[in-house]
Enquirer: 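Sharing a structure below in structure tokens format, with a few things to ask.
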Amino acid sequence: MIIRLKLARFFASTALLLTSIAAGLGAPNLSPLAKQPDWPSLEKYQETITRGEFEALLQKVYCAQGVDVSLIQVEGESARIAIDRDEQTWFTLRFAKDEASRKQPERGWRPAAALPRAPQGRELAGLKVTLDPGHIGGTWARMEERWFQVGDSKPVQEGNMTLLVAKLIAPQLRKLGATVSLVREKNAPATDKRPDDLKEVSKKILLRAGNPEPRDNFVGPDDPQKEQTVQWQNERLFYRNSEIRKRAERVNTELKPDVVLCLHFNAESWDDPAKPSLTDRNHLHFLINGAYLPDELAFDDVRFEMIHRLLSRTHEEELPLGEQFARTMSQRTQLPRYEYTTDNVARVGETGYVYARNLIATRLYHAPVIYFEPYVMNSDEVFWRIQEGDYEGIRNVNGTDRPSIFREYADSVVAGLLEYHRAARK
Ligand SMILES: [Zn+2]
């Protein structure tokens, strides 16, 4: 299930209104818990991209809704990106004159096409894959709102299911020659921060939003003022922000993969988690990084990460890989495309299953990232398949013969990656 952008927008709009309140969130133009960006680290991308390529990526992938000229300007042979809009400091990126004279960017990951040809049965030899089982699960599942229960049935906890799928995928990829790491191995947080550690930041966020004396706790999930309490802010900062930043730190400094696969299950709104509504809607889509909103680009760290992704050319790997997963998984699961009704995404590619979207994980991991969103957990069909648990072979589930939903998910991820490498390494 996708981390919604509502909060990011809320931060962004309030930050813009109240930039004079530094509020100790770092500099006023940093998003919560972000570090000061390392602009000099972009020097290695000088003359690695032509003006045409840079502008096409901005328009089609990263800033389809446009970009403020006080933040990014393209003129002649270079682009200027604001380091700090208020201080009028800029990073200047020099373009390559043409594709022939363009320098190769140095980066920590390798596209599939750069890996050597591999023998049959070991088609993924040399590939470093990191699996990111979405959410935390376990005792944290209720707090992170990835938990529901129908009557006395087994509770559905997204974080537990994504870890189960990751553990089914990992040995299959290893058998094909890949080196596989998981950003978490159990249903426990990667971050060592806990919600209460983030109180001061939460209070400052609420102050920025014009709430100088917030209540400490909310009463229950239905509390209409929930989002204005310190507790709710603490929890969100913990499981969504601090947790993913910690995973990104591991990915970028320790694991250094060629590709990251973020595994999720989707959901439609279930209202009360103790009396959830089931739906007949079931669908599939994939997210890759892009579609930054103008409000989000006003944050110095977000703008920096976008430019870093653009220049490291992750899109060139994410798009064809995402399209391959779309073909393989749609065929194996028979799930229809999910159609977004919001404006925070841009459809990319030909299959119709792949969207660009600015999520914290797709933004912060320094490698191509594919974010999987198959299966609506609270659809009638998927709910009963989840209740059946994991099993070998085929069983009759609610009137239809089915493999375990977890194996169907895992096997189709493996098949998609294998197919992609077979074609790319020829
Ligand atoms: Zn999810």
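Being a predicted model, the structure only gives us computed values, none of them experimental. Residues take their numbers from the sequence shown, with the count starting at 1. Any value given below was found using the heavy atoms of this structure, including those in side chains, with hydrogens, waters and symmetry copies removed.
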Enquirer: Between H135 and E158, is the side-chain hydrogen bond (donor to acceptor under 3.5 Å, both in side chains) condition met? List the steps.
Expert: CA-CA 7 Å; H135 311 287; E158 186 183 351; 3.3 Å; yes
Enquirer: Give every residue pair that meets the salt bridge (Lys or Arg N to Asp or Glu O under 4.0 Å) criterion with at least one member in residues 38-51, sequence neighbours excluded.
Expert: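 Sorted result for residues 38-51: E47-R94, E47-K103, R51-E55.
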Enquirer: Tell me if the NZ atom of K256 is crowded by more than 12 foreign heavy atoms within 6.0 Å.
Expert: no
Enquirer: Between N266 (side chain) and L284 (backbone), is there a donor-acceptor pair under 3.5 Å?
Expert: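 Here the side-chain-to-backbone pair does not exist.
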Enquirer: Identify each donor-acceptor pair in which a side-chain atom of residues 314-322 lies under 3.5 Å from a protein atom, sequence neighbours left out, and give them as a table.
Expert:
from : atom 1 : to   : atom 2 : distance (Å)
T314 : OG1    : R309 : O      : 3.4
E316 : OE2    : R313 : NH1    : 2.8
E317 : OE1    : Y420 : OH     : 3.2
E317 : OE2    : A112 : N      : 2.9
E318 : OE1    : N289 : N      : 3.4
E318 : OE2    : R309 : NH2    : 2.8
E318 : OE2    : V369 : N      : 2.8

Enquirer: Can you list everything that forms a side chain to side chain contact (heavy atoms under 4.5 Å, CB included) with R80? Sequence neighbours excluded, please.
Expert: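 For R80 the side chain to side chain contact (heavy atoms under 4.5 Å, CB included) partners, ignoring immediate neighbours, are Q73, W90, T92.
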Enquirer: Quick check on K199: does its NZ atom have over 12 non-hydrogen neighbours (other residues, nucleotides or ligands) under 6.0 Å away?
Expert: no
Enquirer: Is it the case that more than 12 heavy atoms not belonging to E339 sit under 6.0 Å from its CD atom?
Expert: yes
Enquirer: Take atom NZ of K154 as the centre, draw a 6.0 Å sphere, and report whether it contains more than 12 heavy atoms from other residues, nucleotides or ligands.
Expert: yes
Enquirer: Sequence neighbours left out, what pairs pass salt bridge (Lys or Arg N to Asp or Glu O under 4.0 Å) with at least one residue falling in residues 59-74?
Expert: D68-R85
Enquirer: For Y409 and H264, indicate whether the former's side chain and the latter's backbone hold a donor-acceptor pair under 3.5 Å.
Expert: yes
Enquirer: Has the side chain of E305 got a donor or acceptor atom that lies under 3.5 Å from a matching backbone atom of V302?
Expert: no
Enquirer: Mind checking whether Y45 and H308 have parallel, tilted or perpendicular rings, split at 30° and 60°?
Expert: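 Perpendicular: the ring planes of Y45 and H308 meet at over 60°.
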Enquirer: Please confirm whether the backbone N or O of L364 pairs with a side-chain atom of N252, one donor and one acceptor, at under 3.5 Å?
Expert: yes
Enquirer: For D98, what residues pass the side chain to side chain contact (heavy atoms under 4.5 Å, CB included) criterion, not counting sequence neighbours?
Expert: A100, S101
Enquirer: For E254, give me all partners under side chain to side chain donor-acceptor pair (under 3.5 Å), at least two apart in sequence or on another chain.
Expert: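 Side chain to side chain donor-acceptor pair (under 3.5 Å) list for E254, sorted by chain: R250.
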Enquirer: Taking side chain to side chain contact (heavy atoms under 4.5 Å, CB included) as the test, write out the residues that go with K193, two or more places apart.
Expert: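 Partners of K193 under the side chain to side chain contact (heavy atoms under 4.5 Å, CB included) test: T191, D197, L198, S242.
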Enquirer: Under 3.5 Å, side chain of Q65 to main-chain N/O of P294, donor-acceptor pair present?
Expert: no
Enquirer: Go through the structure and list residues passing side chain to side chain donor-acceptor pair (under 3.5 Å) with S312, not counting sequence neighbours.
Expert: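 Partners of S312 by the side chain to side chain donor-acceptor pair (under 3.5 Å) criterion come out as none, since no residue qualifies.
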Enquirer: If only atom types and distance count, is the side chain of T253 paired as donor or acceptor with the main-chain N or O of E249 below 3.5 Å?
Expert: yes
Enquirer: Does C63 offer a backbone N or O that forms a donor-acceptor pair with the side chain of Q59 under 3.5 Å?
Expert: no
Enquirer: Think R363 forms a cation-pi with Y365, using NZ or CZ under 6.0 Å from the six-ring centre and within 45 degrees of its axis?
Expert: no
Enquirer: Look at the side chain of E235 and the backbone N and O of E144, then say whether any donor-acceptor pair between them is shorter than 3.5 Å.
Expert: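 Not confirmed, E235 side chain does not pair with E144 backbone.
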Enquirer: Stepwise, does the salt bridge (charged side-chain N to carboxylate O under 4.0 Å, His left out) test hold for K128 with D258?
Expert: CA-CA 5 Å; K128 288 171 72 179; D258 297 312; over 6 Å; no
Enquirer: Apply side-chain hydrogen bond (donor to acceptor under 3.5 Å, both in side chains) to residues Y355 and H285 and explain how you reach the verdict.
Expert: CA-CA 8 Å; Y355 291 89; H285 75 284; over 6 Å; no
Enquirer: List in chain and number order the residues that pass side chain to side chain donor-acceptor pair (under 3.5 Å) with R174, two or more places apart in sequence or in another chain; answer none if no residue qualifies.
Expert: none
Enquirer: Without swapping roles, check the side chain of N378 against the backbone of E268 for a donor-acceptor pair under 3.5 Å.
Expert: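 Flag set: sc N378 to bb E268 pair under 3.5 Å.
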Enquirer: Looking at residues at least two apart in the chain, or sitting in another chain, which of them share a side chain to side chain donor-acceptor pair (under 3.5 Å) with T139?
Expert: none
Enquirer: As a test of understanding, state which of I394, V397, D390 forms a side chain to side chain contact (heavy atoms under 4.5 Å, CB included) with S404.
Expert: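 Of I394, V397, D390, side chain to side chain contact (heavy atoms under 4.5 Å, CB included) with S404 is met by D390 alone.
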Enquirer: Look at the side chain of T328 and the backbone N and O of F325, then say whether any donor-acceptor pair between them is shorter than 3.5 Å.
Expert: no
Enquirer: Which pairs, with at least one residue in residues 70-79 and sequence neighbours excluded, count as a salt bridge (Lys or Arg N to Asp or Glu O under 4.0 Å)?
Expert: none
Enquirer: Taking CH2 in W109 as the centre, count heavy atoms belonging to other residues, nucleotides or ligands within less than 6.0 Å. Is the count above 12?
Expert: yes
Enquirer: Quick one: list whatever passes salt bridge (charged side-chain N to carboxylate O under 4.0 Å, His left out) with E243, sequence neighbours left out.
Expert: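 E243 satisfies salt bridge (charged side-chain N to carboxylate O under 4.0 Å, His left out) with R247 only.
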